[in-house]
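The structure appears right after this line, and notes come after that.
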Protein chains: 2
Amino acid sequence: MDMTSKLTAAAERLFDRHGYMATGMDRLTQAAGMSSRTLYKHAGSKAQLMARVLGERDRRFMAQIEVGTVDALFAALEDWVRVEGTRGCLFLRSQAETGGDTPEIAGAVAAHKAAFGQRVADIVAADLGREDADLAEQVLVLFEGATHAADYRGAKAVSAARAAAAILTRRART
Amino acid sequence: MDMTSKLTAAAERLFDRHGYMATGMDRLTQAAGMSSRTLYKHAGSKAQLMARVLGERDRRFMAQIEVGTVDALFAALEDWVRVEGTRGCLFLRSQAETGGDTPEIAGAVAAHKAAFGQRVADIVAADLGREDADLAEQVLVLFEGATHAADYRGAKAVSAARAAAAILTRRART
DNA sequence: AGGAATGTAAAACGTACGTTTTACATTGCA
DNA sequence: TGCAATGTAAAACGTACGTTTTACATTCCT
């Protein structure tokens with residue numbers, strides 16, 4: 001595994017577990033197993049590193065929700081939280097931690113959330129056989145809610161969202 | 001307005017807008033208009049200050065959602081985001097920023113989320129005339145989702161959640 | 001064989017952190 | 001009148017921040 005991947009993986013883990021601001025570069029060099037000089041050669045800066053972490057995560061997440069039905073979307077979320085745990089949305093957390101004042105991060109977050117919104121709309125359209133902006137918004141809210149409520153309610157928040165989405169989707173189909 | 005209230009109000013504003021970790025004590029003394037010595041006399045420590053901010057916010061928020069129907073719950077959220085803006089849930093953000101490692105904060109967050117969960121269950125029970133744990137979980141997820149999705153989708157996320165909750169509640173009533 | 005590329009360890013850069021202290025001014029109550 | 005309480009400004013505490021630098025070792029390609 002090359003140094004850049006090792007660094008990005010270590011950074012994602014620490015930023016996700018302890019927060020972006022609370023994670024110092026010394027902790028990062030130690031976790032990545034490299035000197036600070038090498039780290040900066042690959043990272044550029046802390047903000048750029050976070051932007052790359054978010055880009056990687058976006059790739060991974062969007063691949064996981066490459067599905068054709070609303071129910072499969074929530075099944076994918078169940079898998080995601082089982083593997084990754086429940087710490088809310090790293091994109092929104094990063095944005096909030098920095099008050100939206102870090103351009104590299106704000107850009108990565110905006111790009112992800114735009115792609116995610118489009119993906120949800122596509123899945124709803126594929127499931128219904130037609131576009132439905134209202135249902136898409138409801139499914140997006142349920143997905144976001146499950147992601148964050150799982151923080152303190154556990155996995156049952158995701159299954160509740162899945163059940164609610166099934167009801168709303170069936171209703172929209174007829 | 002006494003110094004403690006002025007301090008708490010200034011702290012809530014800064015912590016909410018720029019994040020807990022990113023807000024330094026010098027910025028806080030300046031915003032609260034008092035010396036650091038006075039600030040520490042009233043705050044105790046940064047973590048204790050945040051805990052008091054969260055306690056205040058819990059009081060204000062729980063008063064706002066003192067309602068008897070599911071629809072009124074989401075109407076209250078619409079009012080809340082109109083007044084307070086859309087920056088997600090300060091409790092979950094604080095918890096995530098500190099990785100759950102700050103006891104004062106973790107305690108305040110746990111207390112709030114327990115009270116909030118109970119309140120949602122009570123509202124659902126009052127609306128239906130009977131308890132319904134499944135519907136309560138769905139309403140909670142919709143509420144949490146609206147809170148966070150409003151960050152990037154705007155107020156329409158809240159109305160989508162309201163509409164979805166209305167459908168699920170009507171269905172549960174019959 | 002030789003030299004760019006890539007890595008290391010460790011110290012230093014200046015700044016800011018959360019917190020405490022020193023020295024002094026203003027109040028309000030007994 | 002006097003003194004405790006409460007406030008101020010400003011410097012200092014030690015630590016940690018993100019970042020750069022210095023000096024040196026090790027690969028890898030031609």
Side-chain angles (χ1 to χ4, degrees), chain A residues 1-54 93-108, chain B residues 1-54 93-108:
Chain A
M1 195 198 236
D2 65 304
M3 308 242 75
T4 297
S5 311
K6 203 165 69 167
L7 169 58
T8 307
E12 177 168 4
R13 189 170 183 286
L14 289 181
F15 287 155
D16 185 41
R17 272 217 151 86
H18 306 289
Y20 171 69
M21 284 293 188
T23 302
M25 297 306 274
D26 56 343
R27 208 174 186 180
L28 220 41
T29 59
Q30 195 180 339
M34 66 186 61
S35 70
S36 65
R37 173 154 201 191
T38 305
L39 187 147
Y40 270 91
K41 181 162 291 184
H42 290 85
S45 69
K46 195 188 187 185
Q48 285 172 46
L49 175 58
M50 181 45 130
R52 267 232 320 287
V53 164
L54 293 178
R93 289 200 275 132
S94 312
Q95 181 80 340
E97 273 207 70
T98 55
D101 296 331
T102 309
E104 295 94 328
I105 293 176
Chain B
M1 197 196 233
D2 64 305
M3 309 242 75
T4 297
S5 311
K6 203 165 69 167
L7 169 58
T8 308
E12 177 169 3
R13 188 170 184 286
L14 289 181
F15 287 156
D16 184 42
R17 280 226 142 74
H18 306 289
Y20 171 70
M21 284 293 188
T23 302
M25 297 307 273
D26 57 343
R27 208 174 186 180
L28 219 42
T29 59
Q30 195 180 340
M34 65 186 62
S35 70
S36 65
R37 173 154 198 189
T38 304
L39 187 149
Y40 269 92
K41 181 162 289 185
H42 290 84
S45 68
K46 194 188 187 185
Q48 284 172 46
L49 176 58
M50 180 46 129
R52 269 230 322 285
V53 163
L54 293 177
R93 287 199 276 133
S94 312
Q95 181 80 338
E97 272 207 72
T98 55
D101 297 331
T102 309
E104 296 96 326
I105 293 176

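Both backbone and side-chain heavy atoms feed into the values below; hydrogens, waters and symmetry mates do not. The sequence lines fix the lettering, A, B, ..., with proteins before strands; numbering per chain opens at 1.
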Steps toward side-chain contact (heavy atoms from CB on, under 4.5 Å) verdict (A:Leu39, A:Met3): CA-CA 8 Å; A:Leu39 187 147; A:Met3 308 242 75; over 6 Å; no
What's A:Thr23 touching, base or sugar-phosphate or nothing? Going by heavy atoms closer than 4.0 Å. sugar-phosphate
Donor-acceptor pair, distance only, cut-off 3.5 Å: does the side chain of B:Glu104 make one with the backbone of B:Ala47? no
Full working for side-chain contact (heavy atoms from CB on, under 4.5 Å) between B:Arg27 and B:His18: CA-CA 11 Å; B:Arg27 208 174 186 180; B:His18 306 289; 3.6 Å; yes
Value in whole Å for how far the P atom of C:dC17 lies from CD of B:Gln30: 11 Å
Atom pair distance, as rounded to whole Å: OH in A:Tyr20 and P in D:dC17: 13 Å
Check the distance between D:dG18's P and B:Met21's CE and give it to me in whole angstrom. 11 Å
Report, as a single string ordered 5' to 3', how protein heavy atoms within less than 4.0 Å touch nucleotides 6-13 of chain D: B base, S sugar-phosphate only, - not at all. -SBBB---
What residues in residues 12-19 of chain A put a non-hydrogen atom under 4.0 Å from any atom of DNA chain C? none
Before you tell me yes or no, could you show the steps for B:Thr4 and B:Arg52 under side-chain contact (heavy atoms from CB on, under 4.5 Å), namely the whole-Å CA-CA distance, both residues' side-chain angles and the distance that decides it to 0.1 Å? CA-CA 10 Å; B:Thr4 297; B:Arg52 269 230 322 285; 3.6 Å; yes
By nearest-nucleotide position on DNA chain D, the 5'-leaning member of A:Ala22 and A:Gly44 is A:Ala22
Where do A:Ala43 and A:Gln48 come nearest, in terms of heavy atoms and distance? O-CB, 3.4 Å
Restricting to non-hydrogen atoms, name the atom on B:Tyr20 and the atom on B:Glu97 that form the minimum distance, rounded to 0.1 Å. N-OE2, 2.8 Å
Whole-Å distance, A:Tyr40 OH to D:dT20 P, equals 7 Å
Where is the tightest heavy-atom contact between B:Ala32 and B:Lys6, given as atom of each residue plus distance? O-CE, 3.1 Å
Length of the line joining B:Leu28:CG and C:dC17:P, which is rounded to integer Å: 11 Å
Shortest non-hydrogen contact between A:Ser36 and A:Thr29, atoms and distance: CA-CG2, 3.8 Å
Distance check needed: C:dG18 P versus B:Glu104 CD, whole Å only. 14 Å
note: A:Lys46, atom NZ; D:dT20, atom P; distance rounded to Å ~ 15 Å
Among pairs that include at least one residue of residues 7-21 of chain A, which meet salt bridge (Lys or Arg N to Asp or Glu O under 4.0 Å), considering only residues two or more places apart or in two chains? A:Glu12-A:Arg57, A:Glu12-A:Arg60, A:Asp16-A:Arg87, A:Asp16-A:Arg93
